[in-house]
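The structure appears right after this line, and notes come after that.
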Amino acid sequence: MNGFIQVHPEVQQALTDGKPVVALESTIIAHGMPYPHNVQTALKVEQVVREAGAIPATIAILGGKCCVGLTKEQIAHLGKAEGVWKVSLVDMPYVISQQIDGATTVAATMRIAAMAGIRVFVTGGVGGVHRGAETTMDISADLTEMGQTSVAVVSAGVKSILDIGLTLEYLDTKGIPVVTFGQNEFPSFYSRQSGFASPLRLDSAREIAGLLRTKWELGLDGAVLIANPIPEKFEVPAPEMEWYITQALHAAAQQHIKGKAVTPFLLKYIAEHSQGESLEANIALIRHNARLGAEIAVAYSQPGV
Ligand code: PSU
Ligand code: MN
């Protein structure tokens with residue numbers, strides 16, 4: 001491990017003992033949800049991971065250190081502070097050398113998790129190929145990172161702010177197996193449906209752990225994307241979401257939002273305009289993902305899987 005990483009003693013002990021550990025991202029805390037829901041959700045998600053038998057390790061950059069496992073106070077700080085950087089891989093050298101605070105995206109969280117030796121990571125939604133990427137070339141570094149770093153990513157699929165079809169094509173090109181848990185259709189975050197068949201389906205955490213073990217023992221580096229459909233009672237009907245998304249894309253174009261600001265702009269716009277419904281769904285699905293991620297980490301830690 002390198003000198004840029006600071007692993008919480010409880011997390012380090014679990015890793016040394018071969019106990020299950022689940023990495024959690026921090027962009028959702030700093031940029032994905034309003035205060036105080038963000039802090040409450042981050043703490044609740046850690047508790048869900050514990051109840052399912054794994055140790056949570058929320059990851060963020062604080063004062064230029066890649067922290068693996070945060071205290072409650074550090075989580076609260078990220079949730080409240082203004083001007084916390086959204087850190088993808090491209091931002092890591094700057095934020096670390098300037099010794100400032102940053103909330104890590106899926107790509108950066110995966111990379112830091114891998115440096116610490118963590119194999120399972122839970123998030124809400126991953127970045128992907130944006131609508132219109134054939135002209136803007138806006139493709140999230142989450143996808144290239146999943147192509148090279150060996151960490152399982154548990155998500156609720158991808159939001160339809162992205163081009164889901166092109167995102168699935170890109171995942172295929174990068175050799176990233178996409179496994180939907182318990183259904184044939186790939187989910188789209190707020191909805192259990194997306195209109196796209198999932199490339200793969202598995203129905204148990206144990207089988208997913210077996211697929212991870214097999215992939216990495218074959219020397220096939222890179223992630224596996226696990227899509228866990230949102231529980232039915234929290235679904236937001238797709239046409240309703242599509243309406244908000246269309247509005248958000250229109251506002252982004254009008255305000256000339258570009259580059260790394262695009263995704264946070266769209267997420268914030270949708271959250272603010274959907275009267276809390278999307279927030280409730282977001283909280284429910286991340287807790288749901290935390291449970292599955294912990295079950296996968298527990299299964300992966302057992303001999304014979
Ligand atoms: N999509 C979501 N929720 C999120 C994000 C994306 O539905 O919170 C965040 C994640 O941190 C993800 C990042 O890694 O946005 C992707 O940003 P970009 O498109 O700029 O790579
Ligand atoms: Mn982008």
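Note that ligands are numbered from 1 as they come in the structure, with each ligand's atoms numbered from 1 the same way.
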Enumerated ligand 1 atoms positioned under 4.0 Å from heavy atoms of Thr27: 11 (O)
For the Mn ion (ligand 2): the N/O/S atom of Asp138 at shortest distance: OD1
Can you tell whether the side chains of Asp138 and Lys258 come within less than 4.0 Å, N to carboxylate O? no
Heavy-atom contacts under 4.0 Å between Val158 and ligand 1: side chain, backbone, both, or neither? neither
Taking 4.0 angstrom as the limit and counting only heavy atoms of His130, give me the atoms of ligand 1 inside it, by number and element. 19 (O)
Who gets closest to atom 20 (O) of ligand 1 by heavy atom: Lys260, His31, Lys86? Lys86
Do Lys174 and Leu143 come within less than 4.5 Å of each other through their side chains, counting heavy atoms only? no
When you look for heavy atoms under 4.0 Å from ligand 1, do you find them on the side chain of Thr263, its backbone, both, or neither? side chain
Tell me if a side-chain donor or acceptor on Thr27 pairs with a main-chain N or O of Thr105 at a distance below 3.5 Å. yes
Give the residue, atom name and distance (to 0.1 Å) of the protein heavy atom nearest atom 21 (O) of ligand 1. Ser140 OG, 2.7 Å
Run the numbers for me: atoms of ligand 1, each under 4.0 Å from some heavy atom of Gly125, listed by number. 1 (N), 2 (C), 3 (N), 4 (C), 5 (C), 6 (C), 7 (O)
Looking at Tyr35, does the NZ or CZ of Lys80 lie under 6.0 angstrom from its six-membered ring centre and within 45 degrees of the ring axis? no
Which atoms from ligand 1 have a heavy atom of Lys159 less than 4.0 Å away? 2 (C), 3 (N), 7 (O)
With a 4.5 Å heavy-atom cut-off, do Leu24 and Ile59 have their side chains touching? no
Would you confirm whether Ser191, through its side chain, and Pro187, through its main-chain N or O, come within 3.5 Å as a donor-acceptor pair? no
Ligand 1 to Val106 polar contact by distance, N or O atoms, under 3.5 Å: yes
Only heavy atoms of Thr105, strictly under 4.0 Å: list the atoms of ligand 1 that pass. 11 (O), 14 (O)
Can you report which non-hydrogen protein atom sits closest to atom 11 (O) of ligand 1, along with the distance? Glu25 OE1, 3.1 Å
For ligand 1, which part of Asp142 has a heavy atom less than 4.0 Å away: the side chain, the backbone, both, or neither? side chain
Charged tip of Arg119 within 45° of Tyr300 ring normal and under 6.0 Å: no
Closer than 4.0 angstrom, basic N to acidic O: yes or no for Lys233 and Glu280? no
In the protein, what heavy atom is nearest to atom 8 (O) of ligand 1, and what distance, to one decimal place, separates them? Leu267 CD1, 3.7 Å
Around atom CD of Glu134, are there more than 12 heavy atoms from other residues, nucleotides or ligands closer than 6.0 Å? yes
